[in-house]
Amino acid sequence: MDITKILAEMTLEEKAGLCSGGDFWHTKGVPRLGIPPMMMSDGPHGLRKQEEAGDHMGVNDSIEAVCFPAGCATAASFDCDLVEQMGRILGQECQAEDIGVLLGPAVNIKRSPLCGRNFEYYSEDPLVAGEMAASFIRGVQSQQVGTSLKHFYANNQEHRRMSTSAQMDARTAREIYLPAFEKAVQEAKPWTVMCAYNKINGVYAAENRTALTDILRSEWGFDGYVVSDWGAVNDRVPDLEAGMDLEMPSSFGMRDAEIVEAVRSGRLSEEALDTAVRRILTIVDRYMAGRQPDTVFDRDADHESARDIAAQCMVLLKNEAQILPLDRTVPVAFIGAFAEKPRFQGGGSSHIHAHKVESALEMAQAAGYPVRYAKGYETQDDVVREAMIQEAVEAAKAAEVAVVFAGLPDTFESEGYDRTHMRMPACQNALIEAVAAANPRTVVVLHGGAPMEMPWIDRVQGLLMAYLGGQAVGGATVQILYGDVNPSGHLAETFPRRLEDNPSYLSFPGEGDVSAYREGIYVGYRYYQKKKIPVLFPFGHGLSYTTFSMDKLRTDKSAYQAGECVTVTVDVTNIGDRAGKEVVQLYVLPQTQSDQVQRPVSELRAFTKIALAPGETKTATFSLPARAFSYYSQQKGRFVVASGSYTLACGDSCEHLMAETSVEMAGETMQPEQVTLDTTFGDLLAIPGARELVTPYLSLMADDSEADAMGESTAGMMEAMIRYMPLRNLLAFTGGKVTAEQCQVLLESIRALCG
């Protein structure tokens, strides 16, 4: 496609028309110029292709497809290769169904456990979210199918999502809510980015030039088109000027006319319109060039892949007395409605019309395992039914082990609304309590997309987090329970003991149309560690049927200059008797403290997943860029590496670090964001070169008669008083020896040192 030639031949009306959808799922075509429509489809974990009457919330039926594990589950795999493999399969399915862009991945940070869409998001940690997203994008786009990285950005709640304003400072945005998008854009180059519904600091995401042009394009180098979330357009012309190219769905010509009028009246330059059209045509051209119409959508083969992927994502959270894996020959009770009809996906725009669904009960029975079933509860309501519980208790008593399948029903979490609490249904809690009392050898399998409170946790021996594992979750669960697959998932989010412990508790979801991110950078484990709040299960936690050790953590040298990469290696050994996979997590812990900049206790800066045979040792190698040691300076408008000591530690969770070492970084001195007459002497003395300028003035202050009158016994007090005195106090405490003019000269000299 000769895009320059086509642009020259297009009418103003055709250009404007190309900037909105032709219908609910297609871009517009221009037949006379050979421009075809291109279809987009929901589906971060499966195709939700709708042909006729479309809807964005998943009410209308879509084609039969394969539902893979949701983002909450795939992130728990900590396996970039696995996520890329899933992306490749989805890309092939898109080719078979003539889909040009798959609307995903969704990388918004899990700020609160209550967000109704957390099941679709990856993590509370931006590194994990970014790595998973980049892997997914590489997989899909390897099949010449585009992706749409979403929702850019600060879309962290469903409550008032189309009108609320996410209020945060620059450091919070740059360290928590932007890095996942940044990594995905720069490392995987998605064809498109989808802007969010919400406002960011009072400006709708669709017309936020700072986000869409200054950051996304100028800083990160994004070269595709930006598409609105469906219905996210507020004011079409400012949106276009800000960098939002394609409005979806169709506006039925209304907003196209606004663009035409704006160009003709001079409010919008035709060059700005041409830029948007060129971006859209570039992606349509890629779609046309990459078509593989002979691709076959093999649903049964992809179902088998979905099961393999799901098994790698499940997280074994508790395994007392090695109750798991189960002995294939002993009688086991499968209890709970989810054993027969599993909850395997969330609700809303990503809801897949699965071509088949397998349950744990049917797969265990098909394998010939001695399993007895009791339903235990109904899923359509939250009513404790004593007869059903009694039936479950009898089944548990007759079994060697009782396995209760529980979790969050469909009504508890979905796109469109947030949860109001972290509790499971009362009927399920009552069931678990009764079963555990009847048989202490009880295991719980949880289905759901987010953390849950577990009042019964101390009374069960085993706990497996299956998350929302896709249509093959039943078979994958049985493989884990009976040891055909060794569990290797780790939590990509913290499970707090109770909702009130969460850092966003007092400000989520906000007041009216304002959601203030008052917790700042302290999201998830960053907060729990800083506050020393005990949690139910920490970020990164996950057990195995074998045991791993990590030791001999080392770096290529002990001291580094600013901008240098740090090479880190650590030996990982399987010291158990079963083959397994370990997630090696590398955290950076700043040791040099300053009251100028607060830092988290630790931050995940790299990870990898390693397969090990019994007794085998492998060396994991990481390369940490300077960014891994940095914080975002709001005054300087960039990331800064502070000089000082940093501990590097490896472990299998943020709370279980098994090997560590320290390095010295020669970066920048942490100093005041701004130097004014109100800056304290303690802060001034931290500025390189300032001590020589300030000391003569401090001696004048020490010679002041009032200071002498305080006596030698107050020397410590005097030192503290001077440390916290502002520069302007030279006028008050030097007995008139320093003038206002001299104060100003000193101030300018210190500012010069700061550059």
Side-chain angles (χ1 to χ4, degrees), residues 14-30 35-44 47-60 62 94 97-106 117 120 145-153 155 161-162 190-198 204-208 211-212 216 222 224-259 273 275-284 286-287 348-351 415-416:
E14 287 171 335
K15 292 177 184 178
L18 204 66
C19 292
S20 66
D23 55 27
F24 211 87
W25 295 114
H26 293 83
T27 61
K28 285 194 183 79
V30 184
I35 302 171
M38 179 185 71
M39 187 173 193
M40 294 174 277
S41 173
D42 276 321
L47 299 192
R48 197 175 73 86
K49 179 183 178 183
Q50 295 178 317
E51 290 292 3
E52 300 300 330
D55 76 286
H56 194 47
M57 294 300 295
V59 177
N60 296 333
S62 52
C94 287
E97 293 294 332
D98 193 13
I99 291 167
V101 173
L102 187 65
L103 301 177
R117 211 164 179 176
E120 193 175 342
V145 173
T147 55
S148 195
L149 183 66
K150 62 183 187 179
H151 310 86
F152 191 60
Y153 70 100
N155 186 167
R161 65 175 177 169
M162 296 187 181
W191 288 12
T192 78
V193 168
M194 183 188 294
C195 72
Y197 286 120
N198 53 278
Y204 278 107
E207 59 187 75
N208 197 308
L212 299 183
L216 181 61
F222 174 66
Y225 69 67
V226 172
V227 58
S228 72
D229 202 343
W230 268 233
V233 168
N234 176 59
D235 194 335
R236 189 64 188 101
V237 174
D239 288 358
L240 194 65
E241 290 177 309
M244 203 288 289
D245 307 300
L246 175 63
E247 175 188 8
M248 289 298 291
S250 172
S251 67
F252 303 100
M254 291 183 290
R255 291 202 173 97
D256 302 345
E258 292 177 13
I259 294 173
L273 176 59
T275 296
V277 173
R278 182 180 293 275
R279 290 169 181 154
I280 295 167
L281 289 175
T282 297
I283 300 306
V284 173
R286 283 186 203 168
Y287 150 71
S349 62
S350 64
H351 191 87
E415 178 180 357

Problem set entry | Under 3.5 Å: donor-acceptor pair, side chain of Thr147, backbone of Leu149 | no
Exercise. Which atom names give the shortest non-hydrogen contact between Gly21 and Leu246, and what distance separates them?
Worked result: N-CD1, 4.2 Å
For this session: Verify side-chain contact (heavy atoms from CB on, under 4.5 Å) between Trp230 and Met40, making sure each step is shown before the conclusion.
Result: CA-CA 12 Å; Trp230 268 233; Met40 294 174 277; 4.2 Å; yes
Exercise. Are Leu103 and Met248 side-chain neighbours, meaning at least one heavy-atom pair lies under 4.5 Å?
Worked result: no
Problem set entry | Member of Lys15, Glu247, Arg236 meeting the side-chain contact (heavy atoms from CB on, under 4.5 Å) criterion with Ile259 | Arg236
For this session: Give the minimum heavy-atom separation between Ile283 and Thr192, together with the two atoms involved.
Result: CG2-CG2, 4.4 Å
Exercise. Which distance, rounded to the nearest 0.5 Å, do you find between the SG of Cys195 and the CG of Asp245?
Worked result: 10.0 Å
Exercise. Judged by atom type as modelled, is there a donor-acceptor pair below 3.5 Å linking the side chain of Trp191 to the main-chain atoms of Tyr287?
Worked result: no
Problem set entry | Minimum-distance pair of heavy atoms, taken over all atoms of Lys150 and Gly104 | CE-CA, 4.2 Å
Exercise. Taking side chain as C-beta onward, heavy atoms only, is Arg48 less than 4.5 Å from Ser350?
Worked result: no
Exercise. Which pair of heavy atoms, one from Ile35 and one from Lys28, lies closest together, and at what distance?
Worked result: CG2-O, 4.4 Å
Seminar exercise, completed: dist Ile280:CD1 -> Thr275:OG1 (nearest 0.5 Å) comes out at 11.0 Å
For this session: Starting at CG of Leu47, measure out to SG of Cys94 and round the result to the nearest 0.5 Å.
Result: 4.5 Å
Exercise. Going by heavy atoms in the side chains, are Leu18 and Leu281 under 4.5 Å from each other?
Worked result: yes
For this session: For salt bridge (Lys or Arg N to Asp or Glu O under 4.0 Å), just list the numbers for Asp229 and Arg161, CA-CA rounded to whole Å, side-chain angles, deciding distance to a tenth of an Å, and then say yes or no.
Result: CA-CA 11 Å; Asp229 202 343; Arg161 65 175 177 169; 5.2 Å; no
For this session: Ignoring hydrogens and angles, tell me if any N or O in the side chain of Asn198 forms a donor-acceptor pair with the backbone of Tyr153 under 3.5 Å.
Result: yes
Exercise. Nearest 0.5 Å, what's the NE2-OG distance between His151 and Ser228?
Worked result: 11.0 Å
Exercise. CG of Asp23 to CE of Met39: how many Å apart, nearest 0.5 Å?
Worked result: 7.5 Å
For this session: Work out which heavy atom in Ala232 is nearest to a heavy atom in Ala206; give both atom names and the distance.
Result: O-CB, 3.9 Å
Exercise. Between the side chains of Ser349 and Arg117, is a donor N or O closer than 3.5 angstrom to an acceptor N or O?
Worked result: yes
Problem set entry | Distance (rounded to the nearest 0.5 Å) between Leu240 CG and Glu207 CD | 12.0 Å
For this session: Output yes when a side-chain donor or acceptor of Tyr225 lies under 3.5 Å from a complementary backbone atom of Val277, and no otherwise.
Result: no
Seminar exercise, completed: Taking every heavy atom of Pro36 against every heavy atom of Thr27, the minimum-distance pair comes out as O-OG1, 4.4 Å
For this session: Evaluate the criterion side-chain contact (heavy atoms from CB on, under 4.5 Å) for residue pair Val233 and Tyr204; output intermediate values, then yes/no.
Result: CA-CA 9 Å; Val233 168; Tyr204 278 107; over 6 Å; no
Exercise. Less than 4.0 Å between a side-chain N and a carboxylate O, is that true for Glu97 and Lys49?
Worked result: yes
